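Keep in mind the model is a prediction, meaning the values are calculated, not measured. Chain identifiers are assigned alphabetically (A, B, ...) following the order of the sequence lines, protein sequences preceding nucleic acid strands; residue numbering begins at 1 within each chain.
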Protein chains: 2
Amino acid sequence: MEYIVDNIKSQMRKGLLEYCILLILNKKEAYASSIIEELKQANMIVVEGTLYPLLIRQKNQGLLNYRWEESTQGPPRKYYMITDKGRSLISEMDLAWQEIVSTIETIRK
Amino acid sequence: MEYIVDNIKSQMRKGLLEYCILLILNKKEAYASSIIEELKQANMIVVEGTLYPLLIRQKNQGLLNYRWEESTQGPPRKYYMITDKGRSLISEMDLAWQEIVSTIETIRK
DNA sequence: TAAAATACCTTGTATAACAAAGTAGTATTT
DNA sequence: AAATACTACTTTGTTATACAAGGTATTTTA
């Protein structure tokens with residue numbers, strides 16, 4: 001039974017990830033590990049193998065850019081930042097999210 | 001640009017579908033086409049090729065049952081109804097859904 | 001200098017949604 | 001009565017995403 005719940009939970013999170021990444025980067029540029037950390041704080045577990053390809057994908061779609069930056073404690077970090085295109089996508093996704101929330105409410109009646 | 005939005009929207013809906021089906025059947029038994037209709041009313045487009053395998057999956061997981069019923073206008077219909085197991089899953093998923101909503105709020109700050 | 005830590009990246013697998021096509025029973029039209 | 005339309009259920013092949021697991025490289029620490 002638990003495995004069913006876990007599976008559905010992870011399915012629910014799917015698709016929201018892209019939105020979350022944009023929301024996070026809309027506030028402040030960040031590098032992958034710090035994004036994972038922030039998501040964890042917000043109760044959303046994501047692993048590296050999920051996030052890295054996603055960032056690359058969004059970068060290739062022109063939603064993000066990045067620059068390398070030296071770290072004082074470890075290897076250099078790839079800081080991602082949102083682009084204008086990414087920002088305008090966010091407003092559309094805000095709407096889509098509200099729609100989904102209201103869809104669930106409607107179905108629940 | 002539009003195709004990006006549409007893609008993300010459809011990704012967002014993913015995973016929520018299972019939850020929606022259970023919510024719908026929790027109110028009243030229904031057959032596939034009528035479920036699709038109700039989802040459409042609530043602004044969630046789903047096609048047959050998506051729904052039928054999902055219903056079969058949930059049936060195999062013991063979340064649903066079904067019975068055949070004659071129709072006065074067309075071929076017989078397969079009415080699905082939720083089981084006790086399905087009902088107890090719903091309460092867990094209600095929690096999961098609230099968690100997700102609050103995750104988005106947290107990230108948005 | 002070896003081990004640990006940090007950070008990035010890639011590959012293979014499983015799953016879910018969808019498009020599209022198929023099957024079959026029932027109703028309608030000619 | 002035969003052909004067509006409609007309703008409903010089902011299956012197949014494709015695509016996309018998340019994840020587990022493993023890999024590379026740089027820096028710090030023991």
Side-chain angles (χ1 to χ4, degrees), chain A residues 3-22 29-40 44-61 63-64 66-80 100 103, chain B residues 3-22 29-40 44-61 63-80 96 100 103:
Chain A
Y3 76 95
I4 299 182
V5 180
D6 288 342
N7 182 46
I8 296 183
K9 275 188 187 176
S10 101
Q11 287 302 318
M12 276 180 166
R13 281 194 318 249
K14 271 193 188 184
L16 290 177
L17 245 188
E18 301 220 29
Y19 183 36
C20 289
I21 303 310
L22 292 177
E29 58 181 44
Y31 63 101
S33 308
S34 68
I35 293 174
I36 289 176
E37 194 46 43
E38 176 157 2
L39 287 170
K40 200 187 290 176
M44 183 177 278
I45 304 299
V46 180
V47 297
E48 295 182 324
T50 300
L51 185 60
Y52 282 99
L54 194 158
L55 289 171
I56 291 166
R57 208 160 64 232
Q58 292 192 330
K59 199 268 164 187
N60 290 338
Q61 290 178 321
L63 307 176
L64 308 178
Y66 69 80
R67 69 155 200 284
W68 286 98
E69 189 168 309
E70 296 296 318
S71 164
T72 55
Q73 39 184 352
R77 296 165 175 175
K78 205 171 179 177
Y79 275 86
Y80 282 91
I100 284 172
T103 291
Chain B
Y3 74 96
I4 299 183
V5 179
D6 288 342
N7 183 46
I8 296 184
K9 273 188 188 177
S10 100
Q11 287 302 318
M12 277 180 166
R13 281 194 317 247
K14 272 191 189 186
L16 290 177
L17 244 187
E18 301 221 30
Y19 183 37
C20 290
I21 303 309
L22 292 177
E29 58 182 43
Y31 64 102
S33 308
S34 68
I35 294 174
I36 289 177
E37 195 45 44
E38 176 158 0
L39 287 170
K40 200 187 289 178
M44 183 177 279
I45 304 298
V46 180
V47 296
E48 295 181 322
T50 299
L51 185 60
Y52 282 97
L54 194 159
L55 289 171
I56 291 165
R57 209 161 62 234
Q58 291 192 330
K59 199 268 165 186
N60 290 337
Q61 290 177 321
L63 307 176
L64 308 180
N65 268 321
Y66 68 80
R67 69 154 201 284
W68 286 99
E69 189 167 310
E70 296 297 317
S71 164
T72 56
Q73 40 184 352
R77 297 165 174 174
K78 207 171 179 177
Y79 276 85
Y80 283 91
I100 284 172
T103 292

Between [N] ([atom2]) and [X] ([atom1]): distance, integer Å:
| X | N | atom1 | atom2 | result |
| --- | --- | --- | --- | --- |
| Ile35(A) | dC9(C) | CD1 | C1' | 15 Å |
| Glu70(A) | dT27(D) | CD | P | 7 Å |
| Lys59(A) | dC8(C) | NZ | P | 15 Å |
| Leu55(B) | dT10(D) | CG | P | 9 Å |
| Ile8(B) | dA18(D) | CD1 | P | 10 Å |
| Asn60(A) | dA16(D) | CG | P | 14 Å |
| Met12(A) | dA18(D) | CE | P | 16 Å |
| Asp6(B) | dT15(D) | CG | P | 19 Å |

Are [X] and [Y] side-chain neighbours, meaning at least one heavy-atom pair lies under 4.5 Å?
| X | Y | answer |
| --- | --- | --- |
| Asn7(A) | Gln11(A) | yes |
| Ile56(A) | Tyr80(A) | yes |
| Ile36(B) | Val47(B) | no |
| Val46(B) | Leu54(B) | no |

* Nucleotide nearest Arg77(A) when distance is taken to its side chain, options dC8(C), dT10(C), dA8(D) -> dC8(C)
* To do: Between dT10(D), dC8(C), dT27(D), spot the one nearest the side chain of Lys78(B), thanks.
  => dT10(D)
Between [atom1] of [X] and [atom2] of [Y], what distance do you get to the nearest 0.5 Å?
| X | Y | atom1 | atom2 | result |
| --- | --- | --- | --- | --- |
| Leu16(B) | Thr103(A) | CG | OG1 | 9.0 Å |
| Ser33(A) | Glu38(A) | OG | CD | 13.0 Å |
| Lys9(A) | Ile4(A) | NZ | CD1 | 13.5 Å |

Polar atoms only, N or O, under 3.5 Å: list the protein pairs with nucleotides 27-30 of chain C and their distances.
from	atom 1	to	atom 2	distance (Å)
dA27(C)	OP1	Thr72(B)	O	2.9

Expected rows: protein N/O vs nucleotides 14-18 of chain C N/O, under 3.5 Å:
from	atom 1	to	atom 2	distance (Å)
dA16(C)	OP1	Asn7(A)	ND2	3.0
dA17(C)	OP1	Gly15(B)	N	3.4
dC18(C)	OP2	Thr50(B)	OG1	2.8

* To do: State, to 0.1 Å, how close Ala30(B) and Ile35(B) come at their nearest heavy-atom pair, and which atoms those are.
  => CB-CG1, 3.8 Å
* **Closest approach of Gly15(B) to Met12(A) (non-hydrogen atoms, all atoms of both residues)** => O-CG, 3.7 Å
* To do: Please state whether the phosphate of dA7(C), meaning OP1 or OP2, lies under 4.0 angstrom from any side-chain nitrogen or oxygen of Tyr31(A).
  => yes
* To do: Establish, with yes or no, whether the OP1 or OP2 oxygen of dC9(D) is under 4.0 angstrom from a side-chain nitrogen or oxygen of Tyr52(B).
  => yes
* Asked: Could one point to a donor on the side chain of Glu48(A) or the base of dC8(C) with an acceptor on the other under 3.5 Å away?
  -> yes
